[in-house]
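Read through the structure below, which is laid out as structure tokens, and then see the notes.
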Amino acid sequence: MQETHGIESLDSLFEKQYLSHEIGMRKPDKAVFEWVVKENGLLPGETLFIDDSRQHVHGAREAGLKALWLNVAQNTIHSLFNDEGMLKGVVRKMTAG
């Protein structure tokens, strides 16, 4: 990351990171996804996981998450989102409050 993008640490890119050696679990085991969801008070069906490993995407889906496989040979993470930061192909329903 440092050499390619000038980023010393992933800490600045995410609110929190989970390292396998620290939590004692590894992807694609669905237990790791369930643990992260519970740890953060998330709803699996409203949580999006994006990865370049099909097996990790499969594990996330087994845990009930929405999951997308990123084909890094053809796309970048940025290519999945529009200029407003919304996931392409997803229509957000607006409701009167």
Mind checking the [atom1]-[atom2] spacing from [X] to [Y]? Nearest 0.5 Å is all I need.
| X | Y | atom1 | atom2 | answer |
| --- | --- | --- | --- | --- |
| R61 | R54 | CZ | CZ | 9.0 Å |
| H56 | F33 | NE2 | CZ | 7.0 Å |
| D29 | E62 | CG | CD | 9.0 Å |
| K27 | H58 | NZ | NE2 | 15.0 Å |
| E22 | Q17 | CD | CD | 7.5 Å |

### Query
How far apart are the closest heavy atoms of P44 and A63, and which atoms are they?
CB-O, 3.7 Å
[X]-[Y] co-clustered via ILVMFWY side chain contacts under 4.5 Å:
| X | Y | value |
| --- | --- | --- |
| L19 | F49 | no |
| V37 | I23 | yes |
| L43 | L68 | no |
| V36 | I50 | no |

### Query
For the side-chain contact (heavy atoms from CB on, under 4.5 Å) test, which of L80, V57, D51 pairs with L70?
L80
### Query
Hey, does the side chain of T47 reach the backbone of L42 with a donor-acceptor pair shorter than 3.5 angstrom?
no
### Message
Tell me whether N82 contacts the main-chain N or O of G85 through its side chain, where contact means a donor paired with an acceptor under 3.5 Å.
### Response
yes
### Task
Taking the side chain as every heavy atom from C-beta outward, state whether E39 and Y18 have any pair of such atoms under 4.5 Å apart.
yes
### Message
For a 4.5 angstrom cut-off between non-hydrogen side-chain atoms, does M86 reach F81?
### Response
no
### Query
With sequence neighbours left out, what residues match S79 under side chain to side chain contact (heavy atoms under 4.5 Å, CB included)?
N75, T76
